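Remember, predicted model here, so these are calculated numbers, not experimental data. The chains referred to below are lettered A, B, ... by the order of the sequence lines, with proteins before strands, and numbering in each begins at 1.
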Amino acid sequence: MSTSHAAHPDRLLPADPGTRDIARRLLAHVEDLPIISPHGHLDPAMFTADEPFPNPTALLISPDHYLTRVLHTAGVDLADLGVGGHEADPREAWRIFCAHWHLYAGTATGYWVEQEFEHVFQINPDRISADNADAIYDELTEILARPDFRPRALAEDFNLEVLATTDDPLDDLAHHKALAEDPTFTPRVLPTFRPDAYTKMYKPEFADNVTTLIEAAGDGQTGYQGYLAAMRNRRQYFLDHGATSSDHGTHNADTTPLSDAEAQRLLDKGMRGEATFEEALAFEANMTYRFAEMSQDDGLVMTLHPGVYRNHSTGAFQKFGADVGHDIPFQMEYTRSLQPMLSDFGENKDFHFVIFTIDETTFSREIAPLAGYYPSVYAGAPWWFIDEIDAMSRFRSYTTGTTGFSRYSGFIDDTRAYCSIPARHNTSRRVEAGYLARLVAEHRLTEDRAADIIVDLIDASPRRVFKL
Amino acid sequence: MSTSHAAHPDRLLPADPGTRDIARRLLAHVEDLPIISPHGHLDPAMFTADEPFPNPTALLISPDHYLTRVLHTAGVDLADLGVGGHEADPREAWRIFCAHWHLYAGTATGYWVEQEFEHVFQINPDRISADNADAIYDELTEILARPDFRPRALAEDFNLEVLATTDDPLDDLAHHKALAEDPTFTPRVLPTFRPDAYTKMYKPEFADNVTTLIEAAGDGQTGYQGYLAAMRNRRQYFLDHGATSSDHGTHNADTTPLSDAEAQRLLDKGMRGEATFEEALAFEANMTYRFAEMSQDDGLVMTLHPGVYRNHSTGAFQKFGADVGHDIPFQMEYTRSLQPMLSDFGENKDFHFVIFTIDETTFSREIAPLAGYYPSVYAGAPWWFIDEIDAMSRFRSYTTGTTGFSRYSGFIDDTRAYCSIPARHNTSRRVEAGYLARLVAEHRLTEDRAADIIVDLIDASPRRVFKL
Amino acid sequence: MSTSHAAHPDRLLPADPGTRDIARRLLAHVEDLPIISPHGHLDPAMFTADEPFPNPTALLISPDHYLTRVLHTAGVDLADLGVGGHEADPREAWRIFCAHWHLYAGTATGYWVEQEFEHVFQINPDRISADNADAIYDELTEILARPDFRPRALAEDFNLEVLATTDDPLDDLAHHKALAEDPTFTPRVLPTFRPDAYTKMYKPEFADNVTTLIEAAGDGQTGYQGYLAAMRNRRQYFLDHGATSSDHGTHNADTTPLSDAEAQRLLDKGMRGEATFEEALAFEANMTYRFAEMSQDDGLVMTLHPGVYRNHSTGAFQKFGADVGHDIPFQMEYTRSLQPMLSDFGENKDFHFVIFTIDETTFSREIAPLAGYYPSVYAGAPWWFIDEIDAMSRFRSYTTGTTGFSRYSGFIDDTRAYCSIPARHNTSRRVEAGYLARLVAEHRLTEDRAADIIVDLIDASPRRVFKL
């Protein structure tokens, strides 16, 4: 059993003793509530198969680009960590990680890893070092072989109530169906409709993807009409399998609609691989508008997260593929970009539109004012680079004066790292407790109201916003 | 008499006990100083008529888009709140407000409302709820009928020394004249020259407005020369009626001047309704430059507040008109935009130019460096969405290291909500006390110096900057 | 001996008593470490000549635009302060400074001046006032005449270990050579290769500079090839004289390379004075790429600091020349701009590339993600307007969650004000101690780890990053 500093009951709470006392009491209202995760990147097959995790590296290192990019800054070759399908000796990768453990001090990832060690595996994270690498690897290997460390058992241990995955529109959702029908498995594992692979003409696989989509679900129609029909049909299929939201990772936030004729013209160019980048973005913007339009009918919650330069390092992309840590945010604009869509659909309170950003400058300037007027707009939790502890506090400070607490999406873990889920949600609960405690200490809220609010933020908000 | 948490003497002060003690002492130097409000949106006729406010809703809800937009996020129809001239049952609107009171927790507006209840009406704000809606409505109705709750009596109660209104260039300023000549009314109510309705070609009423202006005040000249003459004449008329400043709400901050010939050409297009948006902005930029040029001669302080997408929701604009809560900020640029004007006039220390922003990213990057060099440039108080408590603290932190305290405009309430004026000014005093207390606690200032500074910020700064 | 508040041992440390105790202990580990200054603007001739400073104004006021711009905001003519080579009575300038001393309250510059008075000159800064101006001037005059206040003696007193200057590529570096060969002088005074004067076609002196450069060092080649050869040769000359870095003050961060033919075409236009601003920027971007390319071979660390509108006030530039306080930052973009260069060279861990910014919005959005992936990229210390105390804290908060502490450049004083060097470095040490103490108080780090980290930040980081 561990007694590391990672187990301290006051971790992440404000240092001022009076404020900390309030924060402790507020945290107690929510620390044990079930986990609701309306957006993330786990594979549902993990739960249908329920097989033991193969080894510590495959579970904790290779798939987590938050973690591998830190090692990469120190000159570690991502191939040696098993990234991007490269073969690597898992024990050797583990040794590299342990030898570089000091680099994680102060990072969100380092904090989560400590929490996983402490609370999931009951290993004292203060032991992580080059010297202990093999011993810890062996201990973890033993732990992962135990039945109570298989995916389903962990889900129960994590108190996971809802977990949304992110899925291709043509996925048959067989795993989701199997889980929903399995009376021995309690958590709701819901699919999310993510059509990006079919809307980005600037990706080489676009034409093949669209051809397959229209053939599979276009109701026999061709071209843009077949394409729209296929999208509508597959959304319905997702709804029938429990989906409550669609997710859209666009380049920018533009939502300018095109006429059907213009959309058809661009689609034709895109299918021939002849669209310019500007034309591809115009088509993507039109589709963001069209997905919002579809939501008016079918009720899927819509989440948007633009503003990332994907695969910044060309050589690394060629060697390792996507999602390995060099997606770099850029400056975002929402006010003008969302105007066409919000002006048409924003006043509909049954339409739920969640804006995510990694450009935190947009919180006070654009997102809070939008979410503070439109009944449809919700401020998405700070996400990716800014689900870091200080940044989460800043989010509250940037938005609350304008929006209060009711326009918040609820916490989003957005993770590929299964064992980090409890730590991430717990972090959010502690940050909320600290922020609310400050408002109480500054006599801006009574502690009773703050207690109601923290329960609403953690439990009711995600259910309400994501129609769970 | 109320004993709500809103009456707590330490409200908004820092939680750390040592810092709070210093803040309390600093606050005591300024809490009872008179209110100087050099920019706002009240109607001076309120004071000449001095009639009782008709009902709580008409006073507190319908005209305050800060407050109604929060209800609108919850799906409330603005028509049911009497917004935009829509008829609404005032008691019913009041019930809606009370039933949604929990949404205001943590917002600046909620804080001001609590303070108004507590300190203006002596009603405990903790009582606000759906259940108490009718009772509070009746109490407020009774209070508003009392002679000591008429506009003039409240002005005295608020300790209002200076109040600037915002006025059309063709306003005859009869109310301002009457108030100035009335020996029974102490506060100075000053007009502000706001020519926006005559500079924006992209507004449908532009041509009619300009025609009227030139006919009324163009000295018999026509075209651009008549237009400039009319502006100069009306500025002088405002000066003769006590105005000390002109106010300019532009789209962006561009100040590129045009030749007279080019300005005439664009004006002609604008009068025919044929100007493109780009041409309209070029004309607006030229006029910002020209107003600065006029200030060199007539000495009017110039305030500029660009960067808002007005009437974002097209349908809502058609139904309710302007200023109902969906003006959304966008990203601003000042450095390049202001260069033509500041390069020509910025070195004149008798020219006072106040820059407002709602894009707080510009404070440390552009506004503080500009105000930290040019003798003419003052950093406008954080305003609109960012006159919120935490944002006001951030403003100090973003600017003070570069500008110190002498380049600050003084607090600006910018309000249409009369009864919120004391709360807003008191909020600012508390935020200043808290910020200065931290500098003292960190041994960056002596407490004696901090005491001098807070009096200067609250009392001397607005007088000095606005030439009062 | 002074006992001013500027001498308080807890200055700049957090106000919360528990956190302050931790900060004190952390500070003790680094407060007496030697000063490593890898980038600044002192003249090495100061140390070869080692003459007494002529008078207090020439030492402390005239060359420091941080300080003179504050006086300028109050309407002081920069000529009266001896700025830009204007003759001014030094005693009179000193009186002006003392009479305006209150304006510096809360500024970084004011804090540094207090520290200089307190710790370098042992004069109580609380005495600064119009009344004491002459007395202090006389005391300082006496002090500056003492042998222990000559440049070399002060360097020893400051515990200066490394000091980099910023030098023209054609500088013969004779002073650096003399200092390196002088066994009686301990500090390492290193040159820095700063080629800006030869890369900016939009400057009038460009053609003459380039002609001289190619003739001097182009290996007999002409045109673009001679130009590149001259750059390579001079870099080698700098390396041979101890340089470890090159410094690049560009307009923006663009790094798009040009073909040799296109570069030659633009160079020809630039030499004829016919290049447009866009063409000049394209050439500058190409050269940023080329300098990075040269670094792959010769190993010079590369620092980049774009994003400043130089000489904003045209009249002031004509009267006083450059670097007198009206260089104003503008909004920066790094993600797209650096992609061409980082995609080609960013994965090379032996290439050290330090990004500076004055646009602090880029820290969490762009710089931390870049420095958190690329082994070559380091986040430059907050610099110029944002080496202010609160801004330095924000830098830590914006970056650490993503990058940890290992991607930091080490503190950069970037100063022309010799006597401010100890105060600036001490400020940084106090800010780091305060930030780390908060992480310890929030149980995010153990105090032992924090102690290791602060020593690494202050001492090891600049040595490692700048290859000292």
Dump the intermediate steps for side-chain contact (heavy atoms from CB on, under 4.5 Å) on Phe351(A) and Met302(A), then the final yes or no.
CA-CA 8 Å; Phe351(A) 173 45; Met302(A) 182 169 183; 4.1 Å; yes
Run the side-chain contact (heavy atoms from CB on, under 4.5 Å) check on Thr415(B) and Tyr66(B) step by step: do they pass?
CA-CA 10 Å; Thr415(B) 195; Tyr66(B) 283 67; 5.8 Å; no
Verdict with supporting geometry, Val308(A) and Trp384(A), side-chain contact (heavy atoms from CB on, under 4.5 Å):
CA-CA 11 Å; Val308(A) 186; Trp384(A) 200 341; 3.7 Å; yes
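Side chain of Thr357(A) to main chain of Glu360(A): no donor-acceptor pair is present (N/O by atom type, distance under 3.5 Å, no hydrogens or angles).
If you tally non-hydrogen atom pairs under 4.5 Å between each of Arg336(A), Glu333(A), Arg407(A), Gln339(A) and chain B, the highest count goes to Gln339(A). In terms of heavy-atom pairs under 4.5 Å with chain A, the best-connected choice from Thr361(B), Val324(B), Asp359(B) is Asp359(B). Note: Pro375(A) leads Pro375(A), Pro14(A), Ser376(A), Ala437(A) in heavy-atom pairs under 4.5 Å with chain B. Counting heavy-atom pairs under 4.5 Å between each of Asp350(A), Thr400(A), Thr402(A), Asp344(A) and chain B puts Thr402(A) at the top. Among Gly346(A), Ala15(A), Ser364(A), the residue making the largest number of heavy-atom pairs under 4.5 Å with chain B is Ser364(A). Contact count against chain B (heavy-atom pairs under 4.5 Å) is highest for Leu370(A) among Leu370(A), Leu439(A), Asp452(A). The most heavy-atom pairs under 4.5 Å with chain A, out of Glu388(B), Arg69(B), His72(B), come from His72(B). Between chain B and the residues Pro369(A), Ala441(A), Gly18(A), Ser406(A), the most heavy-atom pairs under 4.5 angstrom are made by Pro369(A).
Residue contact with chain B, scored on non-hydrogen atoms closer than 4.5 Å, involves the side chain of Ile453(A) exclusively. Contacts of Leu103(B) with chain A are made by both backbone and side-chain atoms, with heavy-atom separations under 4.5 Å. Contact of Val76(B) with chain A is not made at all, since no heavy-atom distance falls under 4.5 Å. The part of His8(B) that comes within reach of chain A is its side chain, from C-beta onward, which places non-hydrogen atoms under 4.5 angstrom from that chain. Contact annotation for Tyr104(B): neither backbone nor side-chain heavy atoms come within less than 4.5 Å of a heavy atom of chain A. In this structure, the portions of Ser313(B) lying under 4.5 Å from any heavy atom of chain A include both its backbone and its side chain. Heavy atoms closer than 4.5 Å to chain B are found nowhere in Thr362(A), neither backbone nor side chain. Interface remark: Tyr334(A) contributes no atoms to any contact with chain B (heavy atom separation under 4.5 Å). At a 4.5 Å heavy-atom cutoff, the contact between Ala74(B) and chain A is made by backbone atoms alone. In this structure, the portion of Leu13(B) lying under 4.5 Å from any heavy atom of chain A is its backbone and not its side chain. In this structure, chain A has a heavy atom under 4.5 Å from the side chain of Arg394(B), while its backbone stays farther away. In this structure, chain B has no heavy atom under 4.5 Å from any part of Tyr378(A). Contacts of Met341(A) with chain B are absent, with no heavy-atom separation under 4.5 Å from either backbone or side chain. Only the side chain of Arg449(A) comes within contact range of chain B, with at least one heavy atom under 4.5 Å from a heavy atom of that chain. Using a 4.5 Å cut-off between heavy atoms, His102(B) touches chain A through backbone and side chain atoms alike.
In this structure, Ser129(B) and Cys98(B) approach most closely via the heavy-atom pair O-CB, 3.4 Å. When all heavy atoms are compared, the tightest approach of Gly325(B) to His65(B) is N-CB, 3.7 Å.
A salt bridge links Arg25(A) and Glu447(A); the closest N-O separation between the charged side-chain nitrogens and carboxylate oxygens is under 4.0 Å.
Taking the ring centre of Tyr408(A) as origin, the terminal cationic atom of Arg396(A) falls inside the region bounded by 6.0 Å and 45° from the ring axis.
Tyr373(A) and Glu347(A) are linked by a side-chain donor-acceptor pair at a separation below 3.5 angstrom, with hydrogens and angles left out of the test.
For Tyr309(B) and His326(B), the ring centers sit 6.0 Å or farther from each other. Proximity of the aromatic rings of Phe330(B) and His251(B) is defined here by a centroid distance below 6.0 angstrom, and this criterion is met.
With sequence neighbours excluded, the residues that form a side-chain hydrogen bond (donor to acceptor under 3.5 Å, both in side chains) with Thr19(B) are Asp16(B).
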